[in-house]
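Order of appearance sets the numbers: ligands from 1, and atoms from 1 within every ligand.
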Amino acid sequence: MKSYYQCAMGTSKRILSLIALSLDLDAEFFKPDGSETILRPIHYSGRAIESKHGSDHGANAHTDYGMLTLLSTDGTPGLQICRDKDGRPQLWEDVHHIDGALVVNIGDLLERWTNNVYRSTLHRVLMVGKERYSVAFFVWPSPDMMVTCIESCCSEANPPRYPPIRSDEYLEQRLTSTYKYK
Ligand SMILES: O=C(O)CCC(=O)C(=O)O
Ligand SMILES: [Fe+2]
């Protein structure tokens, strides 16, 4: 578990440095923070969940909150993405498993930071009647990081869509709105 964590952290740093370079930033601009980043092993039983809404999803459609998520799975199908989350109807595509490859999802904090230049990935997990294992690595910056629209992502014609916010305040806002009505 520890060596997976270290390896995933190294991979996240490399991906984030490429994203930073693509935005004319210093390669070290996005700093993943070990205290905030979470490694979560997930087990899906494979049984359809009966709810009053008739949902049989292993994970309902959502975007992850942070900068990036690295996902590795046991190869059992079920993960789907929607490329155009604003499109209607929403079109869902299976994410095909490639041995040894990770799935990289952009999170909402990076979307906000980049003024929607990098869009967060809408995804869900369907139950396909089979047990499924995955490992999600949720990458966050340090809690006191100010998330202010990146210069190369805005202009007079394309002003910042979101006000600056500290990373920890953003997380708190998201958790509050997610759990408020439950
Ligand atoms: O299990 C998966 O493949 C995805 C899990 C996921 O999207 C999440 O935990 O946020
Ligand atoms: Fe997710």
(request) Around atom 5 (C) of ligand 1, find the nearest protein heavy atom and jot down its residue, atom name and distance. (result) Tyr44 OH, 3.4 Å
(message) Closer than 4.0 Å to some heavy atom of Phe138 - which atoms of ligand 1 meet that?
(response) 8 (C), 9 (O), 10 (O)
(message) Is it the case that the side chain of His43 and the backbone of Arg132 share a donor-acceptor pair, with hydrogens and angles ignored and the cut-off at 3.5 Å?
(response) no
(request) Nearest 10° is fine: what angle sits at the Fe ion (ligand 2) between NE2 from His62 and NE2 from His123? (result) 90°
(request) Indicate, as side chain, backbone, both or neither, the part of Leu71 found under 4.0 angstrom from ligand 1 when only non-hydrogen atoms are considered. (result) side chain
(request) Of all the heavy-atom pairs spanning Gln90 and Cys82, show the shortest one and how long it is. (result) CB-SG, 3.9 Å
(request) Taking only heavy atoms of Ile42 into account, list the atoms of ligand 1 that are under 4.0 Å away from them. (result) 5 (C), 9 (O)
(request) Can you see which heavy atom on Cys153 is nearest to which on Asn158, and at what distance? (result) O-ND2, 3.3 Å
(message) Checking a contact table here: which protein heavy atom is nearest atom 3 (O) of ligand 1, and how many Å away?
(response) Arg132 NH2, 3.0 Å
(message) Ignoring hydrogens, what is the shortest heavy-atom contact between Trp113 and Pro141? Give both atom names and the distance.
(response) CZ3-CG, 4.3 Å
(request) Mind listing the closest non-hydrogen atom pair of Leu16 and Met67 along with its distance? (result) CD1-CE, 3.7 Å
(message) Between Tyr4 and Ser72, do the side chains contain a donor N or O and an acceptor N or O under 3.5 Å apart?
(response) yes
(message) I need the contact type for Thr69 against ligand 1. Using non-hydrogen atoms and a strict under-4.0 Å cut-off, is it side chain, backbone, both or neither?
(response) neither
(request) Starting from atom 9 (O) of ligand 1, find the nearest protein heavy-atom neighbour and note its residue, name and distance. (result) Arg40 NH2, 2.9 Å
(request) Indicate, with yes or no, if the rings of Tyr5 and Phe137 have centres closer together than 6.0 Å. (result) yes
(message) Can you confirm whether the side chains of Asp74 and His97 place a donor and an acceptor under 3.5 Å from each other?
(response) no
(message) Return the closest protein heavy atom for atom 7 (O) of ligand 1 as residue, atom name and distance.
(response) His123 NE2, 2.9 Å
(message) Need the atom name: nearest N/O/S atom of Asp64 to the Fe ion (ligand 2).
(response) OD1
(message) Under 3.5 Å between any N/O of His62 and any N/O of ligand 1: does that happen in this structure?
(response) yes
